[in-house]
Amino acid sequence: MDKYHIILASNSPRRKELLAGLGLAFDVRVLQGIDESYPPTLPTRDIAEYISQKKAAAYREQLADDELVITADTIVVLGDEVMGKPVDEQDASHMLHKLSGKTHQVITGVTLTTKERQQSFSVLTDVTFKQLSDEEIDYYIVHYRPMDKAGAYGIQEWIGYIGVTGLNGSYFNVMGLPVQRIYEALKTYGITPVGGTQHT
């Protein structure tokens, strides 16, 4: 028997699907109103991990002795600009026009937390887009409504099919959860897949 019961602190259907793919049983638990701000002087590379740790702090005091919570945050970085989730269609269009024809970074920070122990890491993936037309950007926004996605796109959706010309690093990290690194980290907690099924 595994020592810990896993809690995924995310409502994201992509993160639920990815974690379930590891063959581990887990529950989803979501707290509202967690402060996701970060110091303006924080290096870009550290932002996602910092926010994942802030999320973890909100859950830690509520954890049972046998629970392990996974918190994560994903950001898109173009040059020195950090792109979060778009506020509306116009903002989404603005983001995609900026990403068009360029290479950007997707960084996911992950924190694994129990009452006794905490482990954090970040995973970075380079993603290159072709030059996207206005029509392609408009079509994607209207049909896929990417308001819940950092950088206003999901690589597993239409825009990824037609727009991504290069990828260096973990594809699943771009989707929102670097499952290979999470798998290795969970093993250090004595957790291994046993063909469990997802519980929500």
Side-chain angles (χ1 to χ4, degrees), residues 1-39 42-77 82 84-85 105-125 127 148-151 154-156 167 169-200:
M1 292 290 291
D2 287 329
K3 182 177 180 182
Y4 294 107
H5 178 66
I6 299 171
I7 307 294
L8 175 64
S10 175
N11 256 335
S12 163
R14 297 167 298 284
R15 286 186 177 144
K16 286 188 268 190
E17 175 189 352
L18 289 169
L19 189 60
L22 290 180
L24 298 165
F26 63 92
D27 289 317
V28 173
R29 189 180 302 168
V30 178
L31 300 179
Q32 302 299 326
I34 298 176
D35 176 24
E36 298 186 15
S37 62
Y38 55 88
L42 191 67
T44 303
R45 183 71 173 77
D46 299 334
I47 291 171
E49 188 172 328
Y50 178 88
I51 295 174
S52 78
Q53 291 171 347
K54 287 187 78 172
K55 291 178 179 178
Y59 284 86
R60 193 168 199 170
E61 59 192 31
Q62 302 183 8
L63 286 179
D65 291 341
D66 65 344
E67 289 180 332
L68 179 151
V69 64
I70 300 172
T71 52
D73 190 75
T74 301
I75 61 171
V76 169
V77 180
V82 177
K85 298 172 183 176
Q105 287 72 48
V106 178
I107 305 172
T108 301
V110 178
T111 299
L112 283 68
T113 305
T114 66
K115 275 192 173 295
E116 301 86 25
R117 183 180 163 202
Q118 188 170 79
Q119 181 178 348
S120 298
F121 54 87
S122 293
V123 175
L124 184 149
T125 304
V127 181
D148 63 335
K149 298 175 178 69
I155 194 170
Q156 73 280 7
L167 186 93
S170 166
Y171 173 83
F172 299 112
N173 183 55
V174 184
M175 283 181 66
L177 209 59
V179 283
Q180 190 276 329
R181 282 289 303 275
I182 289 174
Y183 171 75
E184 296 298 333
L186 287 171
K187 288 200 297 184
T188 71
Y189 287 84
I191 297 174
T192 53
V194 290
T197 55
Q198 172 189 350
H199 302 291
T200 55

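Bear in mind the structure is a predicted one, so any value in this text is a computation, not a measurement. For the single chain, residues carry numbers from 1 onward in sequence order.
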Worksheet entry | Nearest-0.5 Å distance, CD of residue Gln119 to CD1 of residue Ile70 | 11.0 Å

Worksheet item: With a 4.0 Å cut-off, would you call Glu17 and Arg14 a salt bridge?
Response: no

Item to complete: Using the test side chain to side chain contact (heavy atoms under 4.5 Å, CB included), find all partners of Thr125 that sit at least two apart in sequence or belong to another chain.
Response: Val127, Leu167, Ser170, Asn173, Val174

Worksheet item: What are the two closest heavy atoms between Ser10 and Arg15, and how far apart are they?
Response: OG-CD, 3.5 Å

Worksheet item: How far does OG of Ser122 sit from CD1 of Ile75, to the nearest 0.5 angstrom?
Response: 8.0 Å

Worksheet item: Do Val77 and Leu124 have side chains that get closer than 4.5 Å, going by heavy atoms?
Response: no

Worksheet item: Is the closest side-chain heavy-atom distance between Lys16 and Leu8 below 4.5 Å?
Response: yes

Fill in: Trace of the side-chain contact (heavy atoms from CB on, under 4.5 Å) decision for Lys54 with Glu36
CA-CA 7 Å; Lys54 287 187 78 172; Glu36 298 186 15; over 6 Å; no

Practice prompt. Mind checking the CD1-NZ spacing from Ile191 to Lys3? Nearest 0.5 Å is all I need.
Written response: 10.0 Å

Worksheet, complete the sentence: For Gly109 and Ser52 the tightest heavy-atom approach is O-CB, 3.4 Å

Worksheet item: Can you pull the salt bridge (charged side-chain N to carboxylate O under 4.0 Å, His left out) pairs that have at least one residue in residues 108-125, sequence neighbours excluded?
Response: none

Discussion item. Whether the side chain of Tyr189 engages the backbone of Leu112 through a donor-acceptor N/O pair (distance < 3.5 Å, no angle test) should be reported.
Written reply: yes

Worksheet item: Closest heavy-atom contact between Thr44 and Ile107?
Response: O-CD1, 4.2 Å

Discussion item. Would Met175 and Ile155 count as a side-chain contact (heavy atoms from CB on, under 4.5 Å) here? Give the steps.
Written reply: CA-CA 6 Å; Met175 283 181 66; Ile155 194 170; 3.9 Å; yes

Item to complete: Search all heavy atoms of Pro178 against all heavy atoms of Phe121 and return the closest pair with its distance.
Response: CG-CE1, 4.2 Å

Worksheet item: For Lys85, does the NZ atom sit with more than 12 other heavy atoms under 6.0 Å from it, leaving out its own atoms?
Response: no

Worksheet item: Any side-chain heavy atom of Tyr38 sitting closer than 4.5 Å to one from Asp73?
Response: no

Worksheet item: Any luck finding a side-chain donor-acceptor pair between Thr108 and Arg181 under 3.5 Å?
Response: no

Worksheet entry | Pair listing, side-chain hydrogen bond (donor to acceptor under 3.5 Å, both in side chains) test, anchored in residues 56-72, at least two apart | Arg29-Glu67

Discussion item. Let me confirm one number: the CD-NZ distance from Gln156 to Lys149, rounded to the nearest 0.5 Å.
Written reply: 6.5 Å

Discussion item. Let me confirm one number: the CD-CD distance from Gln118 to Gln53, rounded to the nearest 0.5 Å.
Written reply: 6.0 Å

Worksheet item: How far apart are the C-alpha atoms of Leu68 and Leu186, what are their side-chain angles, what is the distance that settles it, and do they pass the side-chain contact (heavy atoms from CB on, under 4.5 Å) test?
Response: CA-CA 9 Å; Leu68 179 151; Leu186 287 171; 3.9 Å; yes

Discussion item. Once rounded to the nearest 0.5 Å, what's the spacing between atom OG1 of Thr74 and atom CD1 of Ile47?
Written reply: 13.0 Å

